[in-house]
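Remember, predicted model here, so these are calculated numbers, not experimental data. The analysis underlying the following values was restricted to heavy atoms, covering all of them including side chains, and did not include hydrogens, waters or symmetry mates. Just so you know, ligand 1 is whichever comes first in the structure, and atom 1 is the first atom listed for that ligand.
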Amino acid sequence: MPDLLDDDHLEQTAVVANSAMNRDRRLPAYRRELGFDPVAWLAARPGPQRWLDVGCGSALALFEAAEHLPGNTRITGLDLVGYFRGTPKPGVELVTGSVLSWSPDSPIDLITSVHAIHYVGDKLAALTRMSS
Ligand SMILES: C[S@@+](CC[C@H](N)C(=O)[O-])C[C@H]1O[C@@H](n2cnc3c(N)ncnc32)[C@H](O)[C@@H]1O
């Protein structure tokens with residue numbers, strides 16, 4: 001049986017760092033794939049909210065979402081590849097990094113990930129970090 005790649009090597013491969021995958025889902029596709037509406041979920045909660053999207057791709061869905069959320073909502077898009085597009089918006093920050101090493105500077109209220117976790121080798125480690 002061939003040796004499995006560790007995550008450091010996997011993140012450098014054309015499987016993960018390729019330019020052909022769909023990184024451009026918009027907000028309706030996020031709603032459909034997640035099975036709930038993150039905008040409605042955040043808007044229904046009292047006080048400032050923080051949303052992290054892991055493997056956000058172009059982040060177009062996050063920019064769209066920001067237009068419908070209160071100004072005190074903080075949205076963080078995290079992606080291994082800095083392929084962010086769209087017009088920067090207040091309240092949206094984009095981070096180039098891996099879910100296996102990046103840590104937020106404050107607690108997160110909602111974490112989503114759309115078609116991204118399957119690119120991570122150690123999915124259990126990723127989910128453990130996300131839930132902590
Ligand atoms: C198929 S794209 C989906 C992008 C976006 N969520 C969408 O639906 O349009 C998967 C994304 O996961 C990112 N990704 C893969 N491994 C990652 C990791 N370890 N940490 C953060 N992002 C990662 C890739 O760079 C890619 O942008």
Side-chain angles (χ1 to χ4, degrees):
M1 185 157 114
D3 289 340
L4 295 175
L5 295 178
D6 63 26
D7 275 294
D8 285 344
H9 288 95
L10 183 64
E11 289 176 1
Q12 305 297 321
T13 65
V15 174
V16 175
N18 80 69
S19 60
M21 68 169 75
N22 179 4
R23 294 187 166 95
D24 286 336
R25 286 182 186 83
R26 311 293 294 254
L27 188 55
Y30 260 50
R31 289 182 170 124
R32 187 177 63 244
E33 297 300 317
L34 291 168
F36 77 105
D37 181 353
V39 172
W41 191 92
L42 288 161
R45 292 168 62 93
Q49 299 293 311
R50 187 168 181 194
W51 174 18
L52 168 66
D53 185 49
V54 173
C56 66
S58 64
L60 291 175
L62 305 185
F63 288 130
E64 258 181 276
E67 290 171 11
H68 304 285
L69 285 165
N72 60 3
T73 308
R74 188 174 167 193
I75 303 174
T76 303
L78 171 67
D79 201 286
L80 194 60
V81 178
Y83 171 74
F84 308 122
R85 302 201 297 128
T87 310
K89 286 205 169 51
V92 181
E93 62 183 6
L94 301 173
V95 179
T96 303
S98 173
V99 66
L100 294 172
S101 54
W102 181 81
S103 297
D105 57 8
S106 67
I108 306 283
D109 301 290
L110 172 66
I111 304 177
T112 56
S113 189
V114 175
H115 289 264
I117 294 299
H118 54 275
Y119 290 101
V120 179
D122 192 344
K123 295 167 186 57
L124 188 57
L127 293 173
T128 302
R129 286 182 64 81
M130 288 162 71
S131 64
S132 69

Interatomic distance, E67 atom CD to L27 atom CG [nearest 0.5 angstrom]: 9.5 Å
Any carboxylate oxygen within less than 4.0 angstrom of a Lys/Arg side-chain nitrogen, looking at D53 and R25? no
Closest to atom 24 (C) of ligand 1 by heavy-atom distance, out of V81, D79, L80, is D79
Backbone N/O of W102 and side chain of R129: donor-acceptor pair under 3.5 Å: yes
Closer than 4.0 Å to some heavy atom of N22 - which atoms of ligand 1 meet that? 1 (C), 2 (S), 3 (C), 4 (C), 9 (O)
Whether Q49 side chain and P46 backbone form a donor-acceptor pair below 3.5 Å: yes
So does E64 get a backbone contact from the side chain of R26, meaning a donor-acceptor N/O pair under 3.5 Å? no
Enumerated ligand 1 atoms positioned under 4.0 Å from heavy atoms of V120: 19 (N)
For D24, the atoms of ligand 1 under 4.0 Å from one of its heavy atoms are 9 (O)
What atoms of ligand 1 come closer than 4.0 angstrom to any heavy atom of H115? 1 (C), 2 (S), 3 (C), 10 (C)
Examine distances only and state if a side-chain atom of T76 and a backbone atom of L52 form a donor-acceptor pair shorter than 3.5 Å. no
Closest to atom 26 (C) of ligand 1 (heavy atoms only, candidates R26, R25, R23) is R23
Is G97 close enough to touch ligand 1? Criterion: a residue heavy atom under 4.0 Å from a ligand atom. yes
Please work out whether any backbone atom (N, CA, C, O) or any side-chain heavy atom from C-beta onward of Y30 is under 4.0 Å from ligand 1, and answer side chain, backbone, both or neither. side chain
Quick one: does R31's side chain get under 4.5 Å of V39's, heavy atoms only? yes
Would L78 count as a polar contact of ligand 1, with the cut-off being nitrogen or oxygen pairs under 3.5 Å? no
With heavy atoms only and a cut-off of under 4.0 Å, state how A29 meets ligand 1: side chain, backbone, both or neither. neither
Polar side chain donor-acceptor pair, W51 to T112, under 3.5 angstrom: yes
Test of understanding: given a 4.0 Å heavy-atom threshold, classify the contact between M21 and ligand 1 as side chain, backbone, both, or neither. side chain
Between A126, G121, S98, which one has a non-hydrogen atom sitting closest to atom 19 (N) of ligand 1? S98
May I ask you to identify, for V54, whether its side chain, its backbone, both or neither come under 4.0 Å of ligand 1 on a heavy-atom basis? neither
So, does D7 use its side chain to make a donor-acceptor pair with the main chain of D122 at under 3.5 Å? yes
